[in-house]
Amino acid sequence: MLDRITGMQVFVRVAALGSFSAAGRDLSLSQTMITKHIVALETRMGSTLFHRSTRKLSLTESGRLFLDGCQKILADISEVEHTVGRQKLEPQGKLRLNAPVSFAIRHLGPLMPEFSRRYPFVTVELGLNDRSVDLIEEGWDLTLRIRQMASSTLRTRKLADVRFAICASPAYLERAGTPKRIAELSEHTCLGYTLSPNVGPSRWSFGPNGEKSISVKCALTANNGDVLREAAVAGQGIIYQPSFIVNEELHDGRLKRLELDYPTIEGPSLHAVYPPSDHVPLKVRAMIDYLVECYGPVPPWDRVPS
C-alpha cells in the first residue's frame, strides 16, 4: 500500500501545478508513480479527485474538499516536525517534575524563576508528594527522591548528600534541660516522623549506619517534616530531621543543634530519577544539570552563612 502522507503531498502538488508531469518534476518522481499515488487515493476513498482531459486537469467537488483537508494535515505535520526538531536544539515544552513536599517548598520552588529565565521555552509543572511515584504510569518526566536507590530500569543521578540534625528551641532546652547523651532522649519530649523507620514515632537511630537506636516518647507525630519543625520552634519538643528542613531555623537561632555522644545517621542521597531512554529530552537534561549546579558540591542548606 502506498504511503498516505506521500500520496497527499503528491495530490497537493498536482492540484497546485495542474499537471501530473509537472508535479513529477517538482517531486522528483516519474509520471507513472504520480498516477499510482492519485489512483490509490481515489480507490481508497471511492471518489474521483480530478476531471481529466487531454488539455486540462481540474478538481472535482470531492477533490476540492480533499485538498482543503490535505493542506491542513500537511501543515500540522510540518509544525510537529519543526517543534520536535527544535527540541534537539534548545529545551522546550512542558516538564512534569515531581518532588517531596517539604524539600520542594524550601529548596526547589525558589529555584524555578532562574530556571525559567534561562530556559524560557520550558514550562514546569510541579507535583509535590512524599509517596513513591510511577514515572511511566503517571507521566512524570523527572522526579526527585531522597532514598537508597534500588536496582531498576530507571535512570538516576545523584544531586546532593542529605545530612540529619537533632535540635530543639532555646525555650524548650531552658525548660527541660539540654541532653548530652542519646540515652537521655527517652526522658525528653520528642516529635516523630511517621514515614521514617530511623526517626519515627518510637525509636530513633544514631551512627552513620543507624547501628545504635534509642526508645523515645513522642508528644506529636506527623507525616510531614514542616509540621514537626514548626512544633519544635514553638517549644513542644526535640526534632530529628534532615538539615534541609531545619536549616533556616538553625541559622537564625530559633532552633539549636544538640551535640550528643553519637553522631546522627547518614541519610540517603537526593537523586534525580527519570525514565530510561536512548534520547533523554533536552528539557530533562537542562533541569538535572541546573539542579546539580544549584545543589553541589555542598548543598545550600548545609552551607554556613557568610
Side-chain angles (χ1 to χ4, degrees), residues 100-107 130 145-149 158-271 295-306:
V101 178
S102 297
F103 179 85
I105 291 172
R106 282 204 166 186
H107 303 290
D130 294 326
R145 283 294 170 253
I146 303 169
R147 62 168 58 98
Q148 299 292 345
M149 300 308 301
K158 180 180 174 180
L159 299 178
D161 291 320
V162 175
R163 295 177 174 83
F164 276 70
I166 183 167
C167 49
S169 71
Y172 173 84
L173 297 175
E174 182 177 352
R175 181 178 74 249
T178 301
K180 300 296 183 182
R181 298 181 299 117
I182 63 172
E184 297 174 38
L185 293 174
S186 60
E187 303 302 320
H188 279 265
T189 301
C190 297
L191 310 173
Y193 183 57
T194 58
L195 299 182
S196 172
N198 295 314
V199 294
S202 59
R203 298 195 70 82
W204 286 359
S205 299
F206 292 86
N209 299 310
E211 56 268 21
K212 185 73 172 180
S213 66
I214 189 74
S215 176
V216 295
K217 294 177 293 185
C218 291
L220 172 68
T221 62
N223 63 355
N224 178 268
D226 295 310
V227 170
L228 298 176
R229 181 194 63 235
E230 294 307 306
V233 169
Q236 186 173 6
I238 297 173
I239 187 175
Y240 190 5
Q241 284 288 286
S243 58
F244 64 76
I245 289 180
V246 296
N247 66 311
E248 292 181 11
E249 290 73 17
L250 288 172
H251 291 159
D252 64 24
R254 284 179 289 165
L255 292 176
K256 181 179 179 181
R257 190 186 301 265
L258 303 182
E259 301 296 337
L260 302 172
D261 57 340
Y262 270 85
T264 58
I265 57 172
E266 292 182 359
S269 299
L270 171 68
H271 287 84
Y295 296 151
V298 178
W301 51 89
D302 285 332
R303 296 171 194 166
V304 178
S306 55

Inset, instruction - State which residue, out of K256, R257, R106, fulfils the salt bridge (Lys or Arg N to Asp or Glu O under 4.0 Å) condition with E249. - result: R106
Legend entry - Atom pair CG (L258) and CD1 (I239), whose distance is rounded to the nearest 0.5 Å: 11.0 Å
Legend entry - Spacing of N247 atom CG and Q241 atom CD [to the nearest 0.5 Å]: 12.5 Å
Inset, instruction - Find out whether I166 and I182 are in side-chain contact, i.e. whether some heavy atom of one side chain is under 4.5 Å from a heavy atom of the other. - result: no
Inset, instruction - Apply the test side chain to side chain donor-acceptor pair (under 3.5 Å) to residues H107 and Y295: give CA-CA distance (whole Å), side-chain angles for both, the deciding distance (0.1 Å), then the verdict. - result: CA-CA 9 Å; H107 303 290; Y295 296 151; over 6 Å; no
Inset, instruction - Among F206, Y262, Y193, find the residue that satisfies the ring-ring contact (aromatic ring centres under 6.0 Å, His included) test when tested with Y240. - result: F206
Inset, instruction - State, to 0.1 Å, how close P170 and R254 come at their nearest heavy-atom pair, and which atoms those are. - result: CD-O, 3.3 Å
Inset, instruction - Take N223 and T194 through the test side chain to side chain donor-acceptor pair (under 3.5 Å) and record every step on the way to the result. - result: CA-CA 5 Å; N223 63 355; T194 58; 5.3 Å; no
Inset, instruction - Using a 4.5 Å cut-off on heavy atoms from C-beta on, say whether the side chain of P268 contacts that of I146. - result: yes
Inset, instruction - Would you name the heavy atoms of Y172 and I238 that are closest together and state the gap between them? - result: CE2-CG1, 3.7 Å
Legend entry - Closest non-hydrogen atom pair between C167 and L250, with its separation: CB-CD2, 4.0 Å
Inset, instruction - With the side chain counted from C-beta on, respond yes when L270 and F103 share a heavy-atom pair under 4.5 Å apart, and no when they do not. - result: yes
Inset, instruction - First locate atom CZ of R181, then atom CG of L260, and finally report the distance between them rounded to the nearest 0.5 Å. - result: 10.0 Å
Legend entry - Nearest-0.5 Å distance that lies between atom CG in L191 and atom CG in L220: 5.5 Å
Inset, instruction - Could you tell me the separation between the SG atom of C218 and the CH2 atom of W204, rounded to the nearest 0.5 Å? - result: 5.5 Å
Inset, instruction - Write down the atom of S169, the atom of G235, and the distance for their closest heavy-atom approach. - result: OG-CA, 3.3 Å
Inset, instruction - Heavy atoms only: give me the nearest S102-N224 pair and the separation to one decimal. - result: OG-ND2, 3.5 Å
Inset, instruction - Please identify each residue that fulfils side-chain contact (heavy atoms from CB on, under 4.5 Å) with D302, with sequence neighbours left out. - result: R163, S243, V298, P299
Inset, instruction - Compare every heavy atom of H188 with every heavy atom of G177, then report the nearest pair and how far apart it is. - result: O-CE1, 3.1 Å
Inset, instruction - Any chance you could measure E211, atom CD, to S205, atom OG, to the nearest 0.5 Å? - result: 9.0 Å
